[in-house]
Amino acid sequence: MTDISLNVRTAPRGGWFDPIFRFACLAAATTLLAALAGVVVSLAVGGWPALHRFGLQFFTTTTWNPVTEVYGAAGPIVGTLVTSALALAFALPIALGVSIFLVEFCPRVLAQPIAIAVELLAGIPSIVYGMWGLFVLAPFFALHVQVPLMMNLQEGSIWEKLLSGVPNGANIFTASLILAIMILPYMAAVFRELLLTVPPQVREAAYGIGCTPFEVVGSVSLPYVRTGAVGVVMLGLGRALGETMAVTFIIGNAHGLPKSLFDSGATLASTIANEFTEATGAMHTAALTALGLVLFVITFGVLAIARALLASQQTY
Amino acid sequence: MLFDRRTRRTAANMIFVATCSIATLIALAALGMIMASLLQQGLGGLNADIFTRSTPAPGSQGGLLNAIVGSLLMCALAMVIAVVVGLLAGTWLAEFGGDTPYGHVVRFLNDVLLSAPSILVGLFVYELIVRPLHGFSGFAGAVALALIAAPIVTRTTEDILRLQPNALREAGVALGAARWITIRTIIWRGAGAGLLTGGLLAFARISGETAPLLFTALNNQFFSLNMGKPIASLPVVIFQFALSAYDDWRRLAWAGALLIALAVLFVNIVGRIFAARGTVRP
Amino acid sequence: MLKIIAAAVGAVFLAAGAAEAADLSGAGATFPAPVYAKWAETYKAQTGVGLNYQAIGSGGGIKQIKAKTVDFGASDKPLKLEDLNSAGLYQFPTVMGGVVPVMNLPGVRPGQIHLTGPLLAAIYLGEIKKWNAPQIAAVNKGVPLPNLPITVVHRSDGSGTSFLFTSYLSMKSSAWAAKVGASDSVEWPAGIGGKGNDGVAAFVKQTLGSIGYVEYAYAKQNHATYALVQNRAGQFPAPEAANFAAAAAGANWAKAPGNYLLLLDQPGPQAWPITGATFILVYKNQASAAAGEGVLKFFDWAYKNGDGAAASLDYVALPAAVKMLIRKQWASQITAGGKPVYVSR
């Protein structure tokens, strides 16, 4: 006869630790929240004097005058949005292409080295991107792109308006190029990780019914990782919005609204980096802190839109 | 026959393959150009002195020892903090509260912190630690770096853990294991490679960060192991030396930049060997 | 494996504090950073005392000394007496140098172009747009001025160099003073901004027809095409150490309130018109007598032994008389608990 003992353990061994572990995880998550709250509060408190003084005009004025103490954020805001959008436009297709190539088409032997190579791009410090941009890309761009364009475009045409600028390679376009190269490896690496989590059975099933690799990727892999993919795009965009060092060296740092793609501009982050350590006037410091707050708000807005899009597709 | 469905599909596929290959070539070309510049400018400066002597004044002989040591100390401490916080937070989001309203808030705000410009994080830590304690320190630098790395670790941890099949979790419960044991021995282990990638990405990111260290750890001309005082770091030294007018400083800057790039490559390779031993790749 | 790593990391952190650490810390202007670093290196070799100076910008130096996170601050832009008194600070100069206009003009040798203060202001205001404009040609007879548009390059970051340059322009052009003013960070009416002296130098090097202003060390190291600027005596001196010293020679430090003195447009036939000193800021009432003594001892050592190093890095040392004056000020003004922290012997 089987022994039906009442001495049955009802709780798993070590289960007493479960609530503690759960609490520790919750505490960690809340620590992150607290850190973010701290950053936002310090930005808001620091930037308030400038926002109070200039009001809504702060966002529409392009004046930035430390001597007369009049500050406006329009120039840096436009510069930030344009460079980030352009950078994402350049980087996204390439990151997707690289990761798909590595997962689907690459000969096994080459896959690891190429993956390492792409991740190496991520390891290059942003300072180096700035140095490379200023000393290598800018002169090259000026000589081989801007000068020929200047000589061949008709005066007054749309192209000429869009592509005119001082031929020294320090402009919004080259800054976007550098940014694109910088965010590319993150996006490619995580895209690749995501694509590798597609269950092999599902992929094999698709191949089994005769799909070409294009169709497997398009109809099976990408939809499977769709939500993660949006996260990757957010990673990339976030990095682009806040990148400081590389952009500062090559964007030309002109505070007005850029008049063309090849014109100098400024971003919120580059303005802060350039001026914060030297800003002794209280209003100057407050205006720069307010720029930081604006940058935070823009990032917040971008991410909120992404969340809304995600929610409308499927629950996470 | 030319445009029947079969040919169209094959053609589309060929174009797709070509496009992806070109994209990869572009990425590799960008890497090639930058590495070429790094090697061209930095290789000449790499010698034994780099690892044995501290940063010199212009015109003197020296190396990057204090900067290397300082960076290692701060990045190590920062990664310890970031991995502890990030792993636990990511686990909470993936395993426990990720679908609650609070979980949505935490996830969203984590992404926001992830996108925070590093310079603002540095300023925050300056107000939080440096000003009240009246001094720049390596600890403040490490805290700033940890604040930048932790959201990355959290995000990638959650993404990878969520992609672990539920069957694994159910198997753990079925065997009668406590929840935390299931997580530790099955889920974390199963996701090991992905978690490592997240950690490496975070490490790569913070090892090159300059702006936050400018206001927290400052820099130090001399060799120091004292994390309670200003300490040198490679990115800040590179920043300072690269923008100077002195040839020997510039050479050191490029050499340092090359060092960081090579170190990240090394860490990547080691990480992969580590990960390959632990898991079976599909 | 992890345990070994953890133990190693722990051991390193435990060793911290027992290792060498810089005894004194200072931060501020980028202009004198190389010479301070050189002095600190030699000083440490001779005395074992480490003085860690970091270049975060003149404004940063002022900010940090006010926040008491460093033992001394350094600034290219001197504080006015009222500001010094309200913060309880004292400033003294250490070395001097010049700000030099540099250009990218093919076919023109360094020192061939002559410029005047008003001309520089007009160029930087964007009023003169081409190199062969009549105003420039008038001062440069016989020089082949190309028909190139002028691209103005200025600093994008706040800087003491900009402060000196814009102060000079304000002195020489009422239009500039009214429209832009003098500060380490202004709203430049024209041109593009480079980060740091090197950024400006790089832009000038890459852009045909550009003009920028950099500290003398950068002009020299980059073999840039510099311009001669007319001084008060009507002469066009070359930018070099001897002429910076000439500008400083006539300066009356004794009369300068709180040592606030800009060496702009100084009298003397060879005086370079855009010269300035760089300053150290310390509290009059020192919280720690040891730290105060350490800082002053270092700079006294530099006054006595550092001239050679300064010259090798293209700076100009202070005249001996000025050094004596400063030493007297230390003895009377820097105190801790009522007693002077350092009296130079």
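Residue numbering restarts at 1 for every chain, and letters A, B, ... go by the order of the sequence lines. The figures here come from the full heavy-atom set of this structure, side chains too, leaving out hydrogens, waters and symmetry mates.
Ranked by heavy-atom pairs shorter than 4.5 Å toward chain A, the options B:Ala257, B:Ala12, B:Ala211, B:Pro235 are led by B:Ala12. Annotation: maximal heavy-atom pairing with chain A below 4.5 Å, among B:Ala263, B:Gly208, B:Ala178, occurs at B:Ala178. For the options A:Gly15, A:Ser126, A:Pro213, A:Ala269, heavy-atom pairs under 4.5 Å to chain B are most numerous at A:Pro213. Between chain A and the residues B:Val173, B:Thr19, B:Leu88, the most heavy-atom pairs under 4.5 angstrom are made by B:Leu88. Of the residues considered (B:Met33, B:Met14, B:Glu95), B:Met33 shows the highest number of contacts with chain A, using heavy-atom pairs under 4.5 Å. Interface remark: of the candidates B:Glu127, B:Gln41, B:Arg9, B:Arg179, B:Arg9 forms the most heavy-atom pairs closer than 4.5 Å to chain A. Chosen from A:Ser99, A:Gly46, A:Ala117, the residue pairing most often with chain B at heavy-atom distances under 4.5 Å is A:Ala117.
Checked by atom type and distance alone, the side chain of B:Asn13 pairs as donor or acceptor with a backbone atom of A:Phe214 at under 3.5 Å.
Heavy atoms of A:Leu33 lying under 4.5 Å from chain B belong exclusively to its side chain. Interface remark: B:Ile183 contributes side-chain atoms only to the contact with chain A (heavy atom separation under 4.5 Å). Contacts of B:Leu258 with chain A are absent, with no heavy-atom separation under 4.5 Å from either backbone or side chain. Of the two parts of A:Phe17, the backbone and the side chain both hold a non-hydrogen atom closer than 4.5 Å to a non-hydrogen atom of chain B. In this structure, the portions of B:Ile34 lying under 4.5 Å from any heavy atom of chain A include both its backbone and its side chain. Residue A:Glu104: no heavy atom, backbone or side chain, is found under 4.5 Å from chain B. Residue B:Leu28 touches chain A through its side chain alone, counting heavy-atom pairs closer than 4.5 Å. Of the two parts of A:Ser42, only the side chain, counted from C-beta on, holds a non-hydrogen atom closer than 4.5 Å to a non-hydrogen atom of chain B. Heavy atoms closer than 4.5 Å to chain A are found in the side chain of B:Leu214, but not in its backbone. Only the side chain of A:Val217 comes within contact range of chain B, judged by heavy atoms closer than 4.5 Å. Proximity to chain B (any heavy atom under 4.5 Å) is shown, for A:Leu268, by neither the backbone nor the side chain. Heavy atoms closer than 4.5 Å to chain B are found in the side chain of A:Thr299, but not in its backbone. For B:Ala177, the part lying near chain A is the backbone, with the side chain staying farther off; criterion is any non-hydrogen pair under 4.5 Å. Proximity to chain B (any heavy atom under 4.5 Å) is restricted, for A:Val128, to the side chain, taken from C-beta onward. Heavy-atom distances place both the backbone and the side chain of B:Leu113 under 4.5 Å from chain A. In this structure, the portions of A:Leu26 lying under 4.5 Å from any heavy atom of chain B include both its backbone and its side chain. When heavy atoms are compared at a cutoff of 4.5 Å, B:Leu38 approaches chain A solely by way of its side chain, counted from C-beta outward.
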> Should B:Leu163 and A:Leu194 be marked as a side-chain contact (heavy atoms from CB on, under 4.5 Å) after you check the CA-CA gap, both sets of side-chain angles, and the distance that decides it?
Replying inline: CA-CA 9 Å; B:Leu163 289 169; A:Leu194 286 177; 3.7 Å; yes

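Shortest non-hydrogen contact noted between B:Trp92 and A:Cys25 is CB-CB, 3.4 Å. What you find for B:Phe239 and A:Met245 is that their closest heavy atoms are CE1-SD, 4.1 Å. In terms of heavy-atom proximity, B:Ser21 sits nearest to A:Phe101 at OG-CE1, 3.4 Å. Summarising the geometry of A:Gly97 relative to B:Cys20, their closest heavy-atom pair is O-CB, 3.5 Å, with the distance given to 0.1 Å. The shortest heavy-atom contact between B:Val112 and A:Phe300 is CG2-CD1, 3.8 Å.
Contact annotation: the side chain of B:Phe96 approaches that of A:Phe21 to within less than 4.5 Å [non-hydrogen atoms, C-beta and beyond]. In this structure, B:Leu31 and A:Val118 have side chains that are not in contact, with every pair of non-hydrogen atoms separated by 4.5 Å or more. B:Leu120 is listed as a side-chain neighbour of A:Ile272, based on a closest heavy-atom distance under 4.5 Å.
No more than 12 heavy atoms of other residues, nucleotides or ligands sit less than 6.0 Å from atom CZ of B:Phe266.
Atom-to-atom distance recorded for A:Glu243:CD and B:Ser118:OG is 7.0 Å, nearest 0.5 angstrom. In this structure, A:Leu36 CG and B:Asn110 CG are separated by 9.0 Å, a value rounded to the nearest 0.5 Å.
A donor atom on one side chain and an acceptor atom on the other are found under 3.5 Å apart for B:Tyr102 and A:Thr30.
The side-chain contact (heavy atoms from CB on, under 4.5 Å) search around B:Ala89 returns A:Ala28, A:Ala29, A:Leu32, B:Thr154, not counting sequence neighbours.
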